[in-house]
There are 2 protein chains.
Amino acid sequence: MFNLEWYRIFWQTARHRNLTKAAGELHITQPSVSYAIKQMEEALGLRLFHRLSKGVELTEEGRALFEYVDQSFSMLDSAQKHLESLKQLNEGEIRIGASDYLIKHLLLPQLNTFHSTYPGIRIRLSHGKTPDITKRLKDGEIDCAFVHMPLHDPLLNIQTLVVLEDCFVVGEAYQELASRSLTMREVSELPLILFSQGSSTRVFVEQWFAAKGLSVTPDIELGSIELLAEFARLGYGAAFVSRSFVQEDLHSGKLYELKLDDPLLPRSIGFAVRRDRKLSVAAEQFVQMIGARLSEGL
Amino acid sequence: MFNLEWYRIFWQTARHRNLTKAAGELHITQPSVSYAIKQMEEALGLRLFHRLSKGVELTEEGRALFEYVDQSFSMLDSAQKHLESLKQLNEGEIRIGASDYLIKHLLLPQLNTFHSTYPGIRIRLSHGKTPDITKRLKDGEIDCAFVHMPLHDPLLNIQTLVVLEDCFVVGEAYQELASRSLTMREVSELPLILFSQGSSTRVFVEQWFAAKGLSVTPDIELGSIELLAEFARLGYGAAFVSRSFVQEDLHSGKLYELKLDDPLLPRSIGFAVRRDRKLSVAAEQFVQMIGARLSEGL
DNA sequence: ATGTGGTATAGATCACCTCTATATCATTAT
DNA sequence: ATAATGATATAGAGGTGATCTATACCACAT
């Protein structure tokens, strides 16, 4: 059959009109070139070059072939360049799934860094609840996802990325509550400021209460963690937030953390990919960066 | 370095999403495919396929590569088709040089046959005098030429194709001249009907006279052999024509050939190509045909 | 458990590409 | 003429890497 390597030899020979020069370019010897072209001509049943005393020259048929081969090669050359570019992270695409909350507070800060380092990489975010996100991940619509733990799925490779520690915080108005330890019932009877219904955070806190047979109805229900903290500071009640987010306020005394008889279990955020798929170069790089930055502390 | 054969293996694998199938298509074994793709991935420093439990699937980078490779291959495929077509004489080009006279009386009848057999082959004719034609042949502007012999040129390969025998003919009016043998001087004093100045035929006949120190001025000078014969038939004088052309008139008694003391040397028509160039498939076929037909007698 | 359908790995083999050496040929210089 | 130069072609030896066989391994379905 026809050996594709022959095309490369043919191409160089046609360009240099000289077997010896072509051989030099290809880092092989002149007889090898001569041999390859002979093979080719025999395989095609056509003469491709005129053998002149001072080199070779394409025949009519050879010229016809060269037109195509040249184009074909420039195509393959572009391919090499494109792949190199993908490898150098000058282009590419990452499709990430996460909840609105995680997109805003975990992903966005990291993404900025990533995007300014690799401006050519296109980021596609899709938001949704964890079950929805995992489905899209399994369907191949997204490359990786940030999910709330615990989550088990045989098709997915999930690793814990960062641990969220939650707490109830109050403003100065409720300062005295923070001096002693509260039971869950006591907490449930406070005016509560919670994340909106259906969010992972809300589900988590409701389950915590439910474990003691308590059901709660928040006085205030909000969609953003900043607002939760703000209402707490203003003394509207106890807000359920992740501790790291209100760290500064706790230090400066604008907010107070409630001590609890039954400690809240830490919640984990995991990073999930399909077990049977390798990440693209771009996604791989992204994961590396996320991992490095998060291990230094969120 | 990168082996172009790998592309073929990559391509088949990508199309079938299955190493085993690709191997079958390529008439090699599955491990060979596995090995080749591994080589390729290592050379590129990129993973090209996801290995799934039920086959393989292109990665993002693999898809990018496939786009190019697929195009590149369809290009090479077109090349094969084109060459095949050239070989089958479904297309191609022949550039032929000849004098006006030879184009009309030697080439045209043959060309019709050739052209109806191979309608896809483009014929390019260029006309000119033999020295001009041979120059164009040596410059590579034409592929082959019909020339008047004798002609010697170290760069050209010339073979005699057909022998033209010339003669002087007269109409009934001069019938009695044909009964005896004439000297050249007698002929030179007849009213002569000759081909136009500069043509090979004219040069030939002038040289024949010049060899005896005679110079001639024709009474009638014409550009086509039909007209020469016609004027002779009408009794305007003696026309110098090739015998084969007036064969019929000689038999039917419309024309009479003059007998000469000094016989005219037969003139040869030769076929010339460049010694260092091989003819294209189309031209080769043309030469074959011309040779075969002419050897059966013009 | 077992079978099925896929890929990966190990080690042996062999085809064929590449090499060296030399022939041959045309052109150019001496 | 003769030699030198710069090409390609050919012959025969050799080595390398693609290919093969055999087998392991893995996921999934039965």
Side-chain angles (χ1 to χ4, degrees), chain A residues 1-43 47-59 62 138 140 152-157 273-278, chain B residues 1-43 47-59 62 138 140 153-157 274-278:
Chain A
M1 249 303 277
F2 211 85
N3 187 330
L4 283 181
E5 277 299 306
W6 294 346
Y7 280 126
R8 176 182 268 145
I9 295 175
F10 166 77
W11 188 71
Q12 287 288 3
T13 305
R15 281 159 47 84
H16 290 92
R17 305 156 159 265
N18 180 311
L19 302 204
T20 313
K21 299 250 176 61
E25 201 81 39
L26 294 159
H27 305 295
I28 57 179
T29 59
Q30 171 267 319
S32 301
V33 175
S34 177
Y35 175 77
I37 287 174
K38 198 175 164 193
Q39 294 292 313
M40 214 169 160
E41 290 180 329
E42 277 171 17
R47 191 136 266 242
L48 294 172
F49 292 99
H50 296 295
R51 271 62 164 191
L52 311 181
S53 62
K54 49 205 295 200
V56 294
E57 192 178 308
L58 286 169
T59 58
K138 287 191 279 184
H152 292 291
D153 193 308
L155 283 178
L156 301 182
N157 202 338
V273 294
R274 269 186 66 155
R275 192 177 287 282
D276 59 6
R277 274 190 175 57
K278 202 168 176 320
Chain B
M1 248 304 277
F2 212 85
N3 188 332
L4 284 181
E5 278 298 306
W6 295 347
Y7 281 127
R8 176 181 268 144
I9 295 175
F10 166 77
W11 188 72
Q12 287 288 4
T13 305
R15 281 159 47 84
H16 290 92
R17 304 153 162 268
N18 180 313
L19 301 204
T20 312
K21 298 251 176 64
E25 200 81 40
L26 295 159
H27 305 295
I28 55 178
T29 58
Q30 170 268 319
S32 301
V33 175
S34 178
Y35 176 75
I37 287 174
K38 198 174 162 193
Q39 294 291 312
M40 213 171 161
E41 288 180 330
E42 276 170 18
R47 191 138 267 241
L48 295 171
F49 292 99
H50 297 295
R51 271 63 164 189
L52 311 182
S53 64
K54 51 205 291 197
V56 295
E57 191 177 308
L58 286 168
T59 59
K138 288 192 278 185
D153 194 309
L155 282 180
L156 302 183
N157 202 337
R274 269 187 67 156
R275 194 178 286 283
D276 60 5
R277 274 187 176 57
K278 199 169 176 320

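Letters A, B, ... mirror the listed sequences (proteins, then strands); counts begin at 1. Both backbone and side-chain heavy atoms feed into the values below; hydrogens, waters and symmetry mates do not.
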Between [atom2] of [N] and [atom1] of [X], the distance in whole Å:
X      : N      : atom1 : atom2 : result
A/I37  : C/dC17 : CD1   : P     : 14 Å
A/M40  : C/dC16 : CE    : P     : 17 Å
B/Q39  : C/dT9  : CD    : P     : 12 Å
B/E57  : C/dT7  : CD    : C1'   : 15 Å
A/R8   : C/dC17 : CZ    : C1'   : 14 Å
A/W6   : C/dC16 : CH2   : C1'   : 10 Å
A/K278 : C/dA8  : NZ    : P     : 14 Å

Output, in order, the C-alpha distance, side-chain angles, deciding distance and verdict of side-chain contact (heavy atoms from CB on, under 4.5 Å) for A/N18 and A/K54.
CA-CA 8 Å; A/N18 180 311; A/K54 49 205 295 200; over 6 Å; no

Check whether B/R17 reaches the backbone of B/V56 with its side chain - one donor and one acceptor, N or O, closer than 3.5 Å.
no

Any donor-acceptor pair under 3.5 Å linking the side chain of A/T13 with the backbone of A/I9?
yes

Can you find a heavy atom in the side chain of [X] that is under 4.5 Å from one in the side chain of [Y]?
X      : Y      : result
A/W11  : A/L26  : no
B/R51  : B/I37  : yes
B/R275 : B/L156 : no

Assess whether side-chain contact (heavy atoms from CB on, under 4.5 Å) is satisfied between A/T59 and A/F49, documenting all intermediate values.
CA-CA 5 Å; A/T59 58; A/F49 292 99; 5.5 Å; no

Under 4.0 Å from OP1 or OP2 of [N]: is there any side-chain N or O of [X] that close?
X     : N     : result
B/T20 : C/dG5 : no
B/R51 : C/dG6 : no
B/S34 : C/dA8 : yes

What's the verdict on side-chain contact (heavy atoms from CB on, under 4.5 Å) for B/L48 and B/M40, showing C-alpha distance, side-chain angles and the deciding distance?
CA-CA 8 Å; B/L48 295 171; B/M40 213 171 161; 4.1 Å; yes

Counted 5' to 3', the first and last nucleotides of DNA chain D within 4.0 Å (strictly under) of a heavy-atom of chain B are D/dA18 to D/dC28

Heavy-atom nearest nucleotide on DNA chain C for B/K38 versus B/N18: which residue maps closer to 5'?
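Between the two, 5'-proximity favours B/N18.
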
Which sits closer to the 5' end of DNA chain C, B/L52 or A/E5, going by the nucleotide each is nearest to?
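Mapping each residue to its closest nucleotide by heavy atoms, the 5'-most match is B/L52.
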
Starting at the 5' end of nucleotides 22-30 of chain C, put B wherever the base has a protein heavy atom under 4.0 Å, S where only the sugar-phosphate does, and a dash everywhere else.
----SS---

For B/Y35 and for A/R17, find the nucleotide of DNA chain D with the closest heavy atom, then tell me which residue's nucleotide is more 5'.
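With B/Y35 and A/R17 compared, the 5'-side residue is A/R17.
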
Closest heavy-atom contact between B/L4 and A/E5?
N-OE2, 2.6 Å

Once you apply a heavy-atom cut-off of 4.0 Å, does A/V33 come out as touching a base, just sugar-phosphate, or nothing?
nothing

